[in-house]
S.K.: 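If you scroll down you'll find the structure; I have some questions about it.
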Amino acid sequence: MAMDERPGGSGGPRRTSAEPAGRSVPAGRIARVAGLGGTVGGIAANMAARGIGEIAQGRRPAFRDLLLTPGNIGRLTDELARLRGAAMKLGQLISMDAGDMLPPELAEIMARLRMGADPMPPQQLKTVLTEAWGKSWLRQFRSFETTPIAAASIGQVHRGVTKEGARLAIKVQYPGVRESIDSDVDNVGTLLRLSGLMPDGVDPAPFLAEAKRQLHQEADYGYEAGQLRRYAALMEGLDDYRVPALHEPLCTREVLVMSYEPGEAVEARLSAPQAERDRIAHLLLDLCFREIYGFGLVQTDPNFANYRYDPETSQIVLLDFGASREVPGEMMAPMRALMQAAMADDRAAMAEAALAVGFVGPETQAHHTEGVVAMMAMAVEPFHTNAPYDFAASDLTDRLREAGTELALDRSFEHVPPMDLLYFQRKLGGMYMLATRLGARVDLGALIAPWLEAPAMPSAVAARERAG
């Protein structure tokens, strides 16, 4: 749907009957707290009524059974999706970080949240853009689509064409998201703890603190614009990839505007010829190693939606740089040493490097260190084949998930690695999952070798200097 393009026109949105109306995002703190509190209250009332019924029939109801009814699950999911922002993003983070440790009921809630958010209604969208650009903002556009092409936890993306013909992707932040981050995270964390939905042995506190930090960063579109500039400079000369260009005049802290880059979801290539799927996975895994060992700047969100493929140019289109994270300088050498030891299958050297980089601590018991080292050795299995590794025929991601779950649920293993490490590990794991989804075959040993030979490739150092 496009807004009125006529100069001097009303600027009001025209809606077709097939378009969803969307749901307004609660912008005020009181409205957001009341909404989530009302949901919790409604769930409690449902539980009480169901419990009375069970007792009347001579049965002693279990708290978990009263809580995890289809109606309560649906009500909580709907409220988190309505709030968007931190409430929804936290659900997504928990789902990605905890994986199969989640009970089936909570996994169902998080799976629904990963499907995306309801868009803002056009009138709320118009209000947000008027606050950002002024009352006559529509005059700058030849066309502006009020139906978003994507809607997620922090904001939604629209297409527009300027009067000069520039095709743009316009990322608009939901109102009130940034101001509500801390309270939203605390409210959802409290709900998870009180509900018993989090499994025994999983302490949500580190994830809640990191969620606040990451969300404040991602909600600052000025920060993301800066990261996009840096990343684009680092990608100069890498013609297999494409990064959007910022459209600076329209960028604000709440609105991020960049060139619209055509492409389709990487997952849409599942039926493509084997060679094409192999090349896509090769490029993404190569980029992952280049980010960690060359750029020193990693886009840490492995969401498949952040990678698109343009069949016209055979390029990978890279999106969403709000979660970009620098590799700390002091971490680079031990990370390289850890990978070198793993490639040599030197378990003693791996244990030493794991301690240096922070995967284990001085207090970690020997058998836990052995478990961490064994998991790392498992993770580098694809690097030892001396030939393309067939992800389609592998159960590696399942085995890694099982090993990670076993360590996480062992209450005597209390060491929490640096969050940077967890994000880099998550990025590589996401690329493994994508390669598995594509059924790709990739020679990882050949990909990693150049990055283990020198501290950084000269071209990467020069690009990093240009990026500032």
Side-chain angles (χ1 to χ4, degrees), residues 93-103 106-107 189 192-193 196-211 213-214 288 292 298 300 302 325 327-328 330-384 394-433 444 448 452:
L93 288 173
I94 291 171
S95 178
M96 294 186 71
D97 289 329
D100 284 356
M101 291 185 288
L102 298 175
L106 185 54
L192 290 173
R193 280 191 290 263
L197 286 172
M198 290 300 290
D200 292 339
V202 177
D203 180 9
F207 295 106
L208 297 177
E210 177 57 24
R213 190 209 64 79
Q214 181 182 334
C288 181
I292 295 173
V298 183
T300 61
R325 203 175 185 106
V327 180
E330 68 277 8
M331 195 176 282
M332 185 68 77
M335 284 175 58
R336 185 174 283 107
L338 179 58
M339 180 59 79
Q340 290 168 334
M343 292 290 290
D345 197 25
D346 184 338
R347 299 297 177 97
M350 287 175 68
E352 183 178 341
L355 176 62
V357 79
F359 271 120
V360 297
E363 78 291 346
T364 303
Q365 299 178 35
H367 72 283
H368 286 144
T369 297
E370 291 171 4
V372 170
V373 167
M375 187 175 174
M376 293 176 178
M378 188 189 307
V380 299
E381 284 180 13
F383 296 83
H384 291 297
S394 171
D395 65 347
L396 178 61
T397 55
D398 292 334
R399 288 186 285 123
L400 284 171
R401 188 181 298 114
E402 291 172 4
T405 300
E406 184 177 348
L407 275 175
L409 294 180
D410 185 345
R411 288 192 166 188
S412 63
F413 181 40
E414 298 179 347
H415 180 76
V416 178
M419 279 294 171
D420 290 309
L421 278 181
L422 295 180
Y423 275 99
F424 303 152
Q425 180 183 10
R426 174 186 175 198
K427 174 64 178 282
L428 182 57
M431 294 302 96
Y432 274 19
M433 291 176 63
L444 272 77
I448 193 68
L452 299 183

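Here the structure is a predicted model, which means the values were calculated and not measured.
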S.K.: Filter on ring-ring contact (aromatic ring centres under 6.0 Å, His included), then keep only pairs touching residues 333-371, sequence neighbours left out; what's left?
M.R.: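 As it turns out, the ring-ring contact (aromatic ring centres under 6.0 Å, His included) pairs with a partner in residues 333-371, which skip direct neighbours, are His368-Phe413.
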
S.K.: So, for Ala403 and Met378, which heavy atoms are closest and what is the spacing to 0.1 Å?
M.R.: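 What the structure gives for the nearest pair is CB-CE, 4.3 Å.
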
S.K.: Which distance, rounded to the nearest 0.5 Å, do you find between the CG of Asp346 and the CD of Gln340?
M.R.: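 If I round to the nearest 0.5 Å, the distance is 11.0 Å.
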
S.K.: Any side-chain heavy atom of Asp420 sitting closer than 4.5 Å to one from Val327?
M.R.: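 The answer is no; the side chains never approach within 4.5 Å.
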
S.K.: If you measure from CE on Met339 to CZ on Phe383, what distance do you get to the nearest 0.5 Å?
M.R.: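 The CZ atom of Phe383 is 4.5 Å from CE of Met339, to the nearest 0.5 Å.
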
S.K.: Quick check: closest heavy atoms across Arg347 and Ala377, and the distance to 0.1 Å?
M.R.: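 Shortest heavy-atom contact: NH2-CB, 3.5 Å.
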
S.K.: Near Met433 CE, under 6.0 Å, is it more than 12 heavy atoms from other residues, nucleotides or ligands?
M.R.: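 No, CE of Met433 has 12 or fewer neighbouring heavy atoms, counting only those of other groups under 6.0 Å.
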
S.K.: Would you check, one step at a time, whether the test side chain to side chain contact (heavy atoms under 4.5 Å, CB included) holds for Tyr432 with Leu396?
M.R.: CA-CA 9 Å; Tyr432 274 19; Leu396 178 61; 3.7 Å; yes

S.K.: Roughly how far, to the nearest 0.5 Å, is the CD atom of Gln425 from the CD1 atom of Ile292?
M.R.: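 Between atom CD1 of Ile292 and atom CD of Gln425 there are 10.5 Å.
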
S.K.: Excluding sequence neighbours, so at least two apart, what forms side-chain contact (heavy atoms from CB on, under 4.5 Å) with Glu352?
M.R.: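 Partners of Glu352 by the side-chain contact (heavy atoms from CB on, under 4.5 Å) criterion come out as none, since no residue qualifies.
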
S.K.: For the pair Arg336 and Met332, evaluate side chain to side chain contact (heavy atoms under 4.5 Å, CB included) and give the outcome as yes or no after the intermediate values.
M.R.: CA-CA 6 Å; Arg336 185 174 283 107; Met332 185 68 77; 3.7 Å; yes

S.K.: Determine whether Glu210 and Arg426 satisfy the following criterion, salt bridge (charged side-chain N to carboxylate O under 4.0 Å, His left out), listing intermediate values before the conclusion.
M.R.: CA-CA 14 Å; Glu210 177 57 24; Arg426 174 186 175 198; over 6 Å; no

S.K.: Please report the closest heavy-atom contact between Gly430 and Pro302, naming both atoms and the distance.
M.R.: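 Smallest heavy-atom distance, with atoms named: CA-CB, 3.7 Å.
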
S.K.: Taking atom CZ of Phe424 and atom CE of Met331, what is their separation to the nearest 0.5 Å?
M.R.: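 With rounding to 0.5 Å, CZ (Phe424) is 6.5 Å from CE (Met331).
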
S.K.: First locate atom CG of Asp395, then atom CG of Leu400, and finally report the distance between them rounded to the nearest 0.5 Å.
M.R.: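 The distance works out to 9.5 Å.
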
S.K.: How long is the span from the CG atom in Leu444 to the CE atom in Met431, to the nearest 0.5 Å?
M.R.: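 Interatomic distance, Leu444 CG to Met431 CE, rounded to 0.5 Å: 12.0 Å.
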
S.K.: Met376 and Ala354: which non-hydrogen atoms are nearest, and at how many Å?
M.R.: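 Taking every non-hydrogen atom into account, CE-CB, 4.2 Å.
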
S.K.: Is there any side chain to side chain donor-acceptor pair (under 3.5 Å) pair reaching into residues 369-383, and which pairs are they, with sequence neighbours excluded?
M.R.: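 Listed once each, the pairs are Glu381-Arg399.
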
S.K.: Begin from the C-alpha positions of Arg213 and Met419 and carry the test side chain to side chain contact (heavy atoms under 4.5 Å, CB included) through to its verdict.
M.R.: CA-CA 11 Å; Arg213 190 209 64 79; Met419 279 294 171; over 6 Å; no

S.K.: Is there a donor-acceptor contact under 3.5 Å from the side chain of His415 to the main chain of Gly358?
M.R.: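 Indeed, once roles are kept as given, a pair shorter than 3.5 Å links the two residues.
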
S.K.: For Pro362 versus Leu355, what's the shortest heavy-atom pair and its separation?
M.R.: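 Looking at all heavy atoms of both residues, the shortest contact is N-CD1, 3.6 Å.
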
